[in-house]
There are 2 protein chains.
Amino acid sequence: MPSDTRDKLLAHAEILVRTRGYAGFSYADLAEAIGIRKASIHHHFPTKEDLGVALVEAYGRRYDRALAEIERASADGLKRVEAYAALYLHGVTEEQGCLVAAMATELGILPEPMRRGVAEFFERHIAWLTRVLAEARANGTVRKDVTPAHHARMIVAALEGALLMERLLGGAAGFRDTLSALRKSLRQTPPSPLPSGRTRTAPTQARRRERARS
Amino acid sequence: MPSDTRDKLLAHAEILVRTRGYAGFSYADLAEAIGIRKASIHHHFPTKEDLGVALVEAYGRRYDRALAEIERASADGLKRVEAYAALYLHGVTEEQGCLVAAMATELGILPEPMRRGVAEFFERHIAWLTRVLAEARANGTVRKDVTPAHHARMIVAALEGALLMERLLGGAAGFRDTLSALRKSLRQTPPSPLPSGRTRTAPTQARRRERARS
DNA sequence: GACGAACTACCTTTCAGTCGGTAGGCAACC
DNA sequence: GGTTGCCTACCGACTGAAAGGTAGTTCGTC
């Protein structure tokens with residue numbers, strides 16, 4: 001029965017990491033954000049590392065549930081990949097990066113348990129996509145020349161990279177451009193003048209938004 | 001006439017950012033790394049932000065030179081993309097992420113001038129790749145259904161993402177898997193049993209390497 | 001009365017940045 | 001040819017703020 005405060009801490013800490021990075025936020029920031037004293041955070045998470053590990057775990061579990069739901073909701077391989085990509089798109093619209101990506105960039109100062117958690121996150125996603133693609137390839141949903149294991153890696157990389165980049169550049173529109181290219185690399189037919197999916201070239205303009213550090 | 005010390009500062013600061021992130025290193029770290037006193041760094045870069053901006057500028061210029069060299073060295077569109085990807089591959093083998101990617105993850109605490117520099121870096125690369133792909137498509141080197149602007153975004157995203165991820169996971173082998181998938185998305189012919197390029201599925205195993213923080 | 005969850009008060013270390021000063025180089029001027 | 005003045009490069013010593021973390025206490029609830 002996880003306490004209400006603990007959940008609030010996790011939720012807000014996640015936002016902080018996803019917008020500023022792991023080294024870029026402090027217990028003081030977090031305390032102020034949820035209206036509690038700094039010392040009280042230590043009651044729930046004795047060290048920042050404990051909090052970091054809990055964050056990766058919670059984030060990973062949430063994604064695991066999402067992947068299961070995607071598989072349940074659609075049997076079509078391409079739609080599954082599309083739904084998977086939509087998870088990242090949400091990050092763009094909410095102006096929040098990927099938690100594990102943020103941690104991965106600080107690899108050099110990342111405590112081992114967090115490092116392991118981050119690696120496992122990526123591995124699970126690659127494995128899942130590999131399975132989805134293999135299935136889709138078997139029943140002809142995606143091109144035969146797609147190597148599931150390779151393409152899975154490429155898709156995760158492209159989505160992580162696009163989320164990272166498009167928060168600064170074209171926003172959702174830019175992200176969808178990457179998605180459109182990704183779609184073409186999977187789809188069976190050399191496309192007839194398909195009407196689905198948007199095509200507009202993104203404005204590619206830095207959208208500045210002030211976000212003062214208190 | 002940029003002093004020797006200034007160059008050393010830039011070189012070492014770059015390494016620190018690329019392994020720990022921008023918020024993850026301090027003037028003290030940097031001072032110790034090049035054997036100088038902390039106060040002396042302020043002589044060359046009055047504030048950390050000044051250093052950050054200089055880093056992005058130097059990094060960007062180095063890449064600009066590399067792009068020009070790639071264009072000079074080969075006229076083949078696919079080979080150009082391949083050479084571009086090799087730049088990222090070096091990051092993997094040297095266990096260093098991308099400087100601007102590291103900065104982009106800390107968007108929420110990034111001073112505006114740095115943010116602008118990072119955005120411009122990505123924009124230049126996308127523009128360059130768009131041009132290269134458009135040319136390649138025109139002379140039949142890459143598939144006709146490739147939309148240069150979209151594919152360019154996807155390529156940068158995939159390479160940034162792969163560099164981020166594969167430092168933790170499969171290393172160079174994992175990176176090359178993504179590359180192989182990328183290649184297939186561009187190449188003209190539904191591939192005959194091509195012998196080029198490696199195919200091995202990467203071990204996908206976290207390679208831990210201790211890197212104590214002094 | 002034991003326990004969970006929060007608090008006040010404090011600790012040490014590190015952070016970016018400041019200050020005044022030193023040592024050497026270089027050129028002008030008398 | 002010595003002195004004066006200014007420059008770059010660096011230093012030791014320092015500052016106030018912020019970092020992560022600790023100790024001991026209070027308060028409400030089973």
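Note: hydrogens, waters and symmetry copies are ignored here, and every other heavy atom, side chains too, is used.
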Between A:K48 (NZ) and C:dT14 (P), how many Å, whole number?
-> 15 Å
Return the set of residues passing side-chain hydrogen bond (donor to acceptor under 3.5 Å, both in side chains) with B:D64 (not counting sequence neighbours), or none when no residue passes.
-> B:R124
State which residues pass side-chain hydrogen bond (donor to acceptor under 3.5 Å, both in side chains) with B:Y59; sequence neighbours excluded, sorted by chain then number.
-> none
What pairs of nitrogen or oxygen atoms, one from the protein and one from nucleotides 8-13 of chain C, lie under 3.5 Å apart?
| residue | atom | partner | partner atom | Å |
| --- | --- | --- | --- | --- |
| C:dT8 | OP2 | A:R37 | NE | 3.2 |

Rounded off to whole Å, could you give me the CG-to-C1' distance for the A:L16 and D:dA19 pair?
-> 15 Å
Can a salt bridge be assigned to the pair B:R65 and B:E69 using a cut-off of 4.0 Å between side-chain N and carboxylate O?
-> no
Keeping to residues at least two apart or across chains, list the ring pair (Phe, Tyr, Trp, His ring centres under 6.0 Å) pairs with something in residues 96-119 of chain B.
-> none
Name all pairs fulfilling the salt bridge (Lys or Arg N to Asp or Glu O under 4.0 Å) condition that reach into residues 38-54 of chain A, sequence neighbours left out, sorted by first residue then second.
-> none
Does a side-chain N or O from B:S26 land closer than 4.0 Å to OP1 or OP2 of C:dT14, or not?
-> no
Kindly point out which of D:dA19, C:dA5, D:dC10 is positioned nearest to the side chain of B:H44?
-> D:dC10
Non-neighbouring partners of B:E71 that pass side chain to side chain contact (heavy atoms under 4.5 Å, CB included), sequence neighbours left out = B:R80, B:W128, B:R131
Does OP1 or OP2 of C:dA6 have a side-chain N or O of A:H43 closer than 4.0 Å?
-> no
Which of these nucleotides, D:dA9, D:dA19, D:dC11, is closest to any side-chain atom of B:T5?
-> D:dA9
Atom CZ of B:F45 and atom P of C:dA16 are separated, to the nearest Å, by 15 Å
Atom OH of A:Y27 and atom P of D:dG21: how far apart are they, to the nearest Å?
-> 6 Å
How many Å lie between CD1 on B:I41 and C1' on C:dT18, as a whole number?
-> 15 Å
A:I36 has a side chain; which of C:dA6, C:dC15, C:dG17 sits nearest to it?
-> C:dA6
Measure from CD1 on B:I34 to C1' on D:dA9 and round the result to the nearest Å.
-> 12 Å
Check the angle between the aromatic planes of B:H125 and B:Y63 and answer parallel, tilted or perpendicular using the 30° and 60° thresholds.
-> tilted
Send over the distance from B:L30 CG to C:dG17 C1', rounded to a whole Å.
-> 15 Å
Gap between atoms CG and C1', on B:L51 and C:dG17 respectively (whole Å) = 14 Å
